[in-house]
Amino acid sequence: MSDKPSVLFVCVHNAGRSQMAAGWLRHLAGDAVEVRSAGSAPAETINPAAVQAMREVGIDITDQTPTLLEYATAESSDVIVTMGCGDACPVFPGRRYEDWKLDDPAGKGVDAVRPIRDDIRVRVERLVAELTAPA
């Protein structure tokens, strides 16, 4: 068991929004937070526009793979951030939930993905500040 908080980002395909959020959290929080991401119906690969948009800010997410959301992963996460996964996201008592309303980058070019990336950064910065604040 770890004393550091765990955050699970969930979207449908685990190829765009949740991968960008996980990339930002790894980048901004370092090893202070355990980062997880998954999808209710994962794609085969990460969205290339999301990869490019993140690369532009110095974050490489090319080594990530879309992963199926598993019950045990959600159950053992302290914070679950949903991004349009609908009813596929399980709810567990005692967990913190946030539902981030974000445009889906699927099928969009990098010009359309940049504002989504930047919106996610602001939300992740706020989350990091909350999770790493002294008690």
Side-chain angles (χ1 to χ4, degrees):
M1 294 293 280
S2 173
D3 287 337
K4 62 185 172 182
S6 59
V7 176
L8 171 62
F9 295 105
V10 184
C11 66
V12 175
H13 298 119
N14 191 222
R17 295 168 287 188
S18 57
Q19 291 289 353
M20 288 190 289
W24 277 120
L25 185 56
R26 281 189 297 273
H27 178 74
L28 295 169
D31 63 359
V33 177
E34 182 179 347
V35 181
R36 305 168 175 181
S37 71
S40 54
E44 295 210 10
T45 60
I46 295 183
N47 179 326
V51 169
Q52 183 179 348
M54 294 300 285
R55 185 177 291 131
E56 290 174 356
V57 294
I59 300 172
D60 183 4
I61 59 172
T62 57
D63 63 340
Q64 301 302 306
T65 303
T67 304
L68 179 64
L69 173 62
E70 294 190 10
Y71 187 90
T73 302
E75 182 179 39
S76 65
S77 297
D78 298 308
V79 179
I80 300 173
V81 178
T82 58
M83 305 171 184
C85 69
D87 294 337
C89 294
V91 176
F92 298 97
R95 300 298 177 270
R96 174 178 165 182
Y97 286 87
E98 293 190 18
D99 184 34
W100 293 356
K101 305 289 186 208
L102 298 161
D103 289 337
D104 187 349
K108 296 181 176 158
V110 71
D111 289 339
V113 173
R114 286 183 190 112
I116 300 167
R117 172 203 65 200
D118 296 343
D119 187 2
I120 291 170
R121 179 186 181 141
V122 170
R123 294 168 190 252
V124 170
E125 286 173 336
R126 184 173 48 244
L127 184 61
V128 168
E130 293 167 1
L131 293 175
T132 60

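Here the structure is a predicted model, which is why all the values come from computation and not from measurement.
- Between Trp24 and Glu125, every side-chain heavy-atom pair lies at or beyond the 4.5 Å cut-off.
- Under a 3.5 Å cut-off, the side chain of Thr67 and the backbone N or O of Thr65 do form a donor-acceptor pair.
- Using a 4.5 Å heavy-atom cutoff, the side chains of Glu98 and Arg126 are not in contact.
- Note that the CZ atom of Arg36 and the CD atom of Glu70 stand 11.0 Å from one another [nearest 0.5 Å].
- With hydrogens and angles ignored, the 3.5 Å screen pairs no side-chain donor or acceptor of Thr82 with any backbone N or O of Val10.
- Across Pro105 and Gly16, no two heavy atoms sit closer than the pair CG-CA, 4.0 Å.
- The side chain to side chain donor-acceptor pair (under 3.5 Å) test applied to Thr73 returns no partner, not counting sequence neighbours.
- A salt bridge links Glu130 to Arg96: one of the charged nitrogens lies within less than 4.0 Å of a carboxylate oxygen.
- To the nearest 0.5 Å, the span separating CG on Leu25 from OG on Ser18 amounts to 12.5 Å.
- Side-chain contact between Ile120 and Phe9 is absent, with no heavy-atom pair separated by less than 4.5 Å.
- Within the 3.5 Å criterion, the main-chain N or O of Pro42 finds no donor-acceptor partner in the side chain of Asn14.
- Proximity of a side-chain donor or acceptor of Arg117 to a complementary backbone N or O of Met54 within less than 3.5 Å is not detected.
- Residues Val124 and Val7 have side chains not in contact (no heavy-atom distance under 4.5 Å, counting atoms from C-beta outward).
- The salt bridge (Lys or Arg N to Asp or Glu O under 4.0 Å) test with Lys101 singles out one residue from Asp99, Asp104, Asp103, and that residue is Asp99.
- Taking 4.0 Å as the cut-off between side-chain N and carboxylate O, Arg123 and Asp119 count as a salt-bridged pair.
- Atom CG of Leu69 and atom CG of Leu8 lie 6.0 Å apart (nearest 0.5 Å).
- With a 4.5 Å cut-off on side-chain heavy atoms, Arg26 and Ile59 do not count as touching.
- When Arg17, Met20, Gln52 are each tested for a side-chain contact (heavy atoms from CB on, under 4.5 Å) with Val113, only one passes: Met20.
- Nearest heavy-atom pair, Gly109 versus Ala49, reported as atom, atom and distance to 0.1 Å: C-CB, 3.9 Å.
- Considering every non-hydrogen atom in both Ala41 and His13, the closest pair reads O-CD2, 3.2 Å.
- To the nearest 0.5 Å, atom OG of residue Ser37 and atom CD1 of residue Ile46 are 7.5 Å apart.
- For the residue pair Val110 and Glu56, the shortest heavy atom distance occurs at CG2-OE2, 3.9 Å.
- Shown here for Ala21 and Met83, the closest heavy-atom pair between the two residues is CB-CE, 3.4 Å.
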